[in-house]
Amino acid sequence: MKGTFAYLIISSFLILMGCQSPKADSVEKRSLIDSFKMTSVNVKDDFDIKVSLPEEYGTSGNKYPVVFLLDANLYFDTFAQALRDYANVGLAPQTILVGIGYKDIPAMDSLRQRDYTYPTAKAEYEMSTSGGADQFLSFIEKELYERISKSYRIDSTNVILYGHSLGGYFTLYSFLKGSSAPVSKINKFIAASPSLHYNDYYLLSLTKQYPKKSAHSRKVYITYGGIENTDDPTGLRLEAIADTLYKNIGRENLVFDIYSNLDHMDTQFPTFFKGLNMLIKNN
């Protein structure tokens with residue numbers, strides 16, 4: 001499992017880097033990117049944070065939706081450029097993008113397992129560390145959000161968490177955890193191809209505890225690629241996953257899409273932009 005993911009990460013990184021626009025290196029574009037290191041009290045580790053601002057940010061005085069992007073070492077540069085270009089022609093909302101990354105991609109490959117999972121992984125997964133999702137969520141909501149909200153003009157009614165694969169698992173976990181919390185800063189969630197098989201579909205069983213009447217207005221958008229569907233008798237078909245999620249969470253707070261001709265490593269980009277437009281632009 002570990003070796004396979006490392007291969008997918010490296011392959012996707014090379015593809016994404018090749019798709020970047022040359023404009024990303026201009027002085028004007030760089031002025032819209034902030035970066036800093038942040039030491040988390042909750043996780044007891046350092047994170048590399050990048051912030052991409054809309055082109056109009058310096059002159060508009062407006063408040064903007066904010067997206068917290070997981071696996072930022074892999075996705076931030078490409079997503080930030082595409083988001084700005086799409087927003088400039090009306091294909092996406094003007095949005096502040098906050099990438100949460102690690103020292104480098106090799107560090108991300110192992111530490112994401114620590115931060116994006118709960119409970120501790122089964123021994124067969126061969127994860128060196130796992131089960132730290134609660135601490136990581138506390139870092140985002142209690143530490144990083146506070147810094148971002150004080151430093152930038154954000155719209156607190158449109159605070160989004162986005163993740164893919166194991167990051168999608170953490171995104172859905174955060175949605176479920178926050179539904180019963182007295183205070184929750186994140187109110188919208190986008191999960192691309194979440195790894196719901198983790199620990200024998202633990203997260204699906206957790207959805208049974210989702211409160212029918214939540215104190216918060218929260219929405220989640222979940223997608224899979226149709227090629228991810230399995231005939232493995234030990235796994236669940238995507239249709240069965242969708243039925244369980246709709247039954248336990250309800251259609252008012254959940255949208256579930258299957259992109260018929262896409263595989264696991266194809267869903268990141270379309271999910272990100274369709275989710276933004278669904279949760280923000282058409283809100």
Side-chain angles (χ1 to χ4, degrees), residues 1-20 33 35-38 40 43 45-52 66-83 95-118 121 125 127-130 132-133 135-137 139-140 144 148 160-175 186 189-196 198 203 220-225 228 262-273 275-276:
M1 178 177 177
K2 184 176 180 181
T4 300
F5 179 77
Y7 169 79
L8 291 172
I9 281 287
I10 294 170
S11 300
S12 298
F13 177 74
L14 293 174
I15 293 171
L16 289 169
M17 288 297 290
C19 294
Q20 291 189 55
I33 303 293
S35 62
F36 56 89
K37 291 186 180 295
M38 193 168 179
S40 169
V43 181
D45 205 348
D46 297 334
F47 293 92
D48 286 354
I49 308 299
K50 287 187 175 181
V51 181
S52 174
V66 58
V67 178
F68 290 97
L69 173 73
L70 304 180
D71 289 325
N73 298 77
L74 184 61
Y75 298 127
F76 180 83
D77 290 341
T78 301
F79 275 44
Q81 182 64 55
L83 176 58
T95 305
I96 296 173
L97 184 67
V98 179
I100 307 172
Y102 302 91
K103 179 179 67 173
D104 51 34
I105 284 185
M108 182 189 79
D109 194 19
S110 61
L111 294 180
R112 71 193 299 275
Q113 297 173 355
R114 175 196 69 188
D115 293 335
Y116 297 174
T117 60
Y118 183 89
Y125 292 161
M127 291 184 176
S128 59
T129 180
S130 61
Q135 291 78 17
F136 186 59
L137 180 57
F139 161 64
I140 295 175
L144 181 57
I148 295 299
I160 298 173
L161 179 64
Y162 169 88
H164 168 259
S165 193
L166 210 54
Y169 179 96
F170 174 79
T171 299
L172 182 55
Y173 178 77
S174 302
F175 168 80
I186 306 169
F189 303 80
I190 302 173
S193 297
S195 301
L196 293 186
Y198 177 82
L203 212 52
V220 59
Y221 178 52
I222 300 173
T223 70
Y224 282 95
E228 295 184 78
L262 300 186
D263 210 339
H264 185 75
M265 295 304 293
D266 302 325
T267 59
Q268 307 95 311
F269 200 85
T271 301
F272 180 81
F273 283 99
L276 281 186

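Starting from 1, each residue takes its place in the sequence as its number.
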Please examine the side chains of P194 and I222, heavy atoms only from C-beta on, and report whether any two atoms are closer than 4.5 Å. yes
For the backbone of A121 and the side chain of Y198, can you confirm whether one donor and one acceptor N or O come within less than 3.5 Å of each other? yes
Ring pair (Phe, Tyr, Trp, His ring centres under 6.0 Å) involving F175 - partner list, sequence neighbours excluded: F189, Y210
Any side-chain heavy-atom pair from S165 and S193 closer than 4.5 angstrom? no
How close do A72 and G101 get, heavy atom to heavy atom, and via which atoms? CB-N, 3.8 Å
Which pair of non-hydrogen atoms, one from Y221 and one from G275, has the smallest distance, and what is that distance? CD2-CA, 3.6 Å
Kindly write out the residues that satisfy side chain to side chain donor-acceptor pair (under 3.5 Å) with D48, not counting sequence neighbours, or none if the list is empty. K37
Contacts of type salt bridge (charged side-chain N to carboxylate O under 4.0 Å, His left out), residue D45, not counting sequence neighbours: R114
Treating Y75 as the side-chain partner and G163 as the backbone partner, does any N or O pair qualify as donor plus acceptor under 3.5 Å? no
One should read off an interatomic distance between L97 CG and F79 CZ, to the nearest 0.5 angstrom, of 8.5 Å
The criterion is ring pair (Phe, Tyr, Trp, His ring centres under 6.0 Å); which residues satisfy it with Y224, sequence neighbours excluded? F256
Please name all residues satisfying ring pair (Phe, Tyr, Trp, His ring centres under 6.0 Å) with F136, sequence neighbours left out, ordered by chain then number. F47, Y116, F170
Closest non-hydrogen atoms of M265 and Q268, given as atom of the first, atom of the second and distance, are O-OE1, 2.9 Å
Value rounded to 0.5 Å, distance of CZ in F76 from CD1 in I49: 10.0 Å
Are any side-chain N or O atoms of S110 and backbone N or O atoms of A107, one a donor and one an acceptor, separated by less than 3.5 Å? yes
Give the minimum heavy-atom separation between L137 and S174, together with the two atoms involved. CD1-OG, 3.6 Å
OG1 of T95 to CG of L83, rounded to nearest 0.5 Å, is 5.0 Å
CG of L262 to OG1 of T271: how many Å apart, nearest 0.5 Å? 8.0 Å
Side-chain heavy-atom pair V67, I190 within 4.5 angstrom cut-off: no
How long is the span from the CD1 atom in I160 to the CZ atom in F68, to the nearest 0.5 Å? 10.5 Å
Listed partners of F273 passing ring pair (Phe, Tyr, Trp, His ring centres under 6.0 Å), at least two apart: Y86, F269
Would you check if F139 and D115 make a side-chain contact, meaning some heavy-atom pair closer than 4.5 Å? no
How long is the span from the CG atom in N73 to the CG atom in D109, to the nearest 0.5 Å? 10.5 Å
Just wondering, more than 12 heavy atoms not from Y118 lying within 6.0 Å of its OH? no
Run the salt-bridge test on D71 and R112 with the 4.0 Å N-O cut-off and return the result as yes or no. yes
